[in-house]
Protein chains: 2
Amino acid sequence: MTRTTRTTPARHPEHPETARIRLEEVLSALSDPIRLRIVHELGRGHDDMACIAFELPVSKSTSTHHFRVLREAGIIHQYYEGTSRMSRLRTQDLEERFPGLLPAVLRARAMDTTEPDRTT
Amino acid sequence: MTRTTRTTPARHPEHPETARIRLEEVLSALSDPIRLRIVHELGRGHDDMACIAFELPVSKSTSTHHFRVLREAGIIHQYYEGTSRMSRLRTQDLEERFPGLLPAVLRARAMDTTEPDRTT
DNA sequence: GTCGAACTACGACGATCTTCGTACATTGTG
DNA sequence: CACAATGTACGAAGATCGTCGTAGTTCGAC
């Protein structure tokens with residue numbers, strides 16, 4: 001109870017500092033179709049979304065796992081709002097650490113329309 | 001034996017067409033430190049290098065494996081010259097398929113000096 | 001306090017990945 | 001031809017990954 005005056009309670013997110021974001025970890029995190037989809041949707045303007053709002057084609061435990069991988073890689077920032085876990089892209093941090101990388105990946109993902117979108 | 005008039009004999013490289021290069025496969029291939037190092041060295045101007053010239057800290061079989069992953073992902077082009085297997089980055093193909101992606105990764109790799117270079 | 005909603009922790013399973021050694025193939029040289 | 005150099009094919013062993021179900025936590029509403 002150390003002054004939790006906000007709606008955001010004291011749970012432990014564990015985000016890496018910008019300077020400690022590792023390239024291999026970022027690339028590895030982005031090499032999964034579901035995680036790439038999450039990042040894609042977050043980049044589409046839906047800045048803050050709860051995990052459930054993505055309607056991913058996997059179970060909730062798996063969903064939690066993917067969000068954690070993205071968070072620990074330094075790609076997204078997460079915080080609680082009520083019982084919901086909100087996610088946001090760390091666009092600026094990534095731009096500072098690896099300039100042009102995230103935009104290039106997002107543009108590439110938009111072009112890679114090999115498979116239309118059966119992951120609804 | 002169908003007209004092998006070149007110094008390049010009839011071995012089967014198996015390269016994907018530019019249009020069939022898949023983003024997730026590229027990112028996955030680049031998320032390994034050894035493969036990232038290979039790509040980094042190829043991007044440094046050493047355009048055509050034999051596998052052995054990289055002096056990777058792994059066995060020959062492992063080396064073959066990593067080069068194959070890069071080739072099947074569409075990142076490098078390989079061809080034989082004598083008993084040596086030469087490798088070259090598919091810079092233009094990648095630029096056509098995913099504009100800006102490879103340069104961004106190479107720049108990021110250059111910045112990611114978390115670990116100096118103990119993989120000599 | 002009780003209940004449901006949203007999410008997490010933990011263990012488990014199967015698939016894939018990285019690595020290696022050994023055996024083999026191809027080329028160039030003597 | 002024999003031989004060395006370079007690289008591949010084929011398992012095999014161990015690690016990691018993606019997925020899930022079940023049980024538990026936290027929050028908001030009643």
Side-chain angles (χ1 to χ4, degrees), chain A residues 1-2 4-15 22 24-38 48-73 76-88 119, chain B residues 1-2 4-15 22 24-38 48-73 76-88 119:
Chain A
M1 305 285 204
T2 60
T4 57
T5 47
R6 282 274 165 229
T7 51
T8 317
R11 303 195 215 174
H12 28 242
E14 294 270 350
H15 296 79
R22 294 190 57 248
E24 293 152 19
E25 211 172 338
V26 170
L27 295 176
S28 174
L30 293 177
S31 67
D32 180 273
I34 293 193
R35 292 195 290 262
L36 203 49
R37 173 176 160 173
I38 293 171
D48 293 57
M49 292 178 68
C51 293
I52 203 179
F54 289 88
E55 298 180 12
L56 301 173
V58 290
S59 72
K60 282 203 291 182
S61 352
T62 306
S63 188
T64 297
H65 164 70
H66 286 306
F67 278 98
R68 179 173 43 185
V69 172
L70 286 172
R71 172 168 40 87
E72 291 181 347
I76 65 174
H77 173 80
Q78 290 192 296
Y79 59 97
Y80 282 95
E81 197 155 292
T83 60
S84 292
R85 184 93 130 159
M86 309 301 284
S87 298
R88 191 191 332 144
T119 50
Chain B
M1 311 285 195
T2 60
T4 58
T5 48
R6 281 273 166 232
T7 50
T8 317
R11 303 192 215 176
H12 27 242
E14 294 271 348
H15 295 80
R22 293 190 58 247
E24 292 151 20
E25 210 172 338
V26 170
L27 295 176
S28 174
L30 293 177
S31 67
D32 180 274
I34 294 194
R35 292 193 290 261
L36 202 51
R37 172 176 161 173
I38 293 172
D48 293 58
M49 291 178 70
C51 293
I52 202 178
F54 289 87
E55 298 180 13
L56 301 173
V58 290
S59 71
K60 283 201 295 181
S61 354
T62 305
S63 189
T64 297
H65 163 70
H66 285 305
F67 277 99
R68 181 173 41 185
V69 172
L70 287 172
R71 172 167 40 86
E72 291 181 347
I76 65 174
H77 173 81
Q78 290 190 297
Y79 60 96
Y80 282 96
E81 197 156 291
T83 61
S84 292
R85 184 94 130 158
M86 308 301 285
S87 298
R88 191 190 333 145
T119 49

Practice prompt. Using the side-chain contact (heavy atoms from CB on, under 4.5 Å) rule, take A:Leu36 and B:Glu24 through it: C-alpha gap first, then chi angles, then the decisive distance, then the call.
Written response: CA-CA 8 Å; A:Leu36 203 49; B:Glu24 292 151 20; 3.8 Å; yes
Using whole Å, report how far [atom1] of [X] lies from [atom2] of [N].
X	N	atom1	atom2	answer
B:Glu25	C:dT16	CD	P	13 Å
A:Arg68	D:dG18	CZ	P	11 Å
B:Glu14	D:dG7	CD	P	20 Å
B:Phe67	D:dG7	CZ	C1'	11 Å
B:Arg71	D:dG7	CZ	C1'	11 Å
B:His66	C:dT18	NE2	C1'	6 Å
B:Leu56	D:dT6	CG	P	14 Å
B:Met86	D:dA5	CE	P	19 Å

Worksheet item: Using a cut-off of less than 4.0 Å, is there contact between a side-chain N or O of B:Tyr80 and OP1 or OP2 of D:dT6?
Response: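 Result: no.
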Discussion item. It should be established whether B:Ser59 places a side-chain nitrogen or oxygen under 4.0 Å from OP1 or OP2 of nucleotide C:dT19.
Written reply: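 No, no such contact exists.
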Worksheet item: Backbone N or O of A:Glu25 within a donor-acceptor pair of the A:Ser28 side chain at under 3.5 Å?
Response: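 No; judged by distance alone, with no hydrogens or angles, the pair does not exist.
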Worksheet entry | Residues which pass side-chain contact (heavy atoms from CB on, under 4.5 Å) with B:Ser84, listed by chain and number, not counting sequence neighbours |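 In terms of side-chain contact (heavy atoms from CB on, under 4.5 Å), with neighbours along the sequence ignored, B:Ser84 is linked to B:Ala50, B:Met86.
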Worksheet item: If you find the nucleotide of DNA chain D closest to A:Asp32 and the one closest to A:Ser61, which residue's nucleotide is nearer the 5' end?
Response: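 Mapping each residue to its closest nucleotide by heavy atoms, the 5'-most match is A:Asp32.
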Could you check if a side-chain atom of [X] sits within less than 4.5 angstrom of a side-chain atom of [Y], using non-hydrogen atoms only?
X	Y	value
B:Arg71	B:His77	no
A:Phe67	A:Leu56	yes
B:Arg85	B:Tyr79	no

Dump the pairs, protein N or O against N or O of nucleotides 3-6 of chain C, anything under 3.5 Å, distances to one decimal.
unit_1	atom_1	unit_2	atom_2	d
C:dA6	O4'	A:Thr83	OG1	3.4

Could you list the donor-acceptor pairs under 3.5 angstrom formed by side chains in residues 57-66 of chain A, with sequence neighbours left out?
unit_1	atom_1	unit_2	atom_2	d
A:Ser59	OG	A:Thr62	N	3.3
A:Ser59	OG	A:Thr62	OG1	3.0
A:Thr64	OG1	A:Lys60	O	3.1
A:His66	ND1	A:Arg35	NH1	3.1

Worksheet item: Which part of the nucleic acid does B:His65 contact within heavy-atom distance under 4.0 Å: base, sugar-phosphate only, or nothing?
Response: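 Base, at least one base heavy atom under 4.0 Å.
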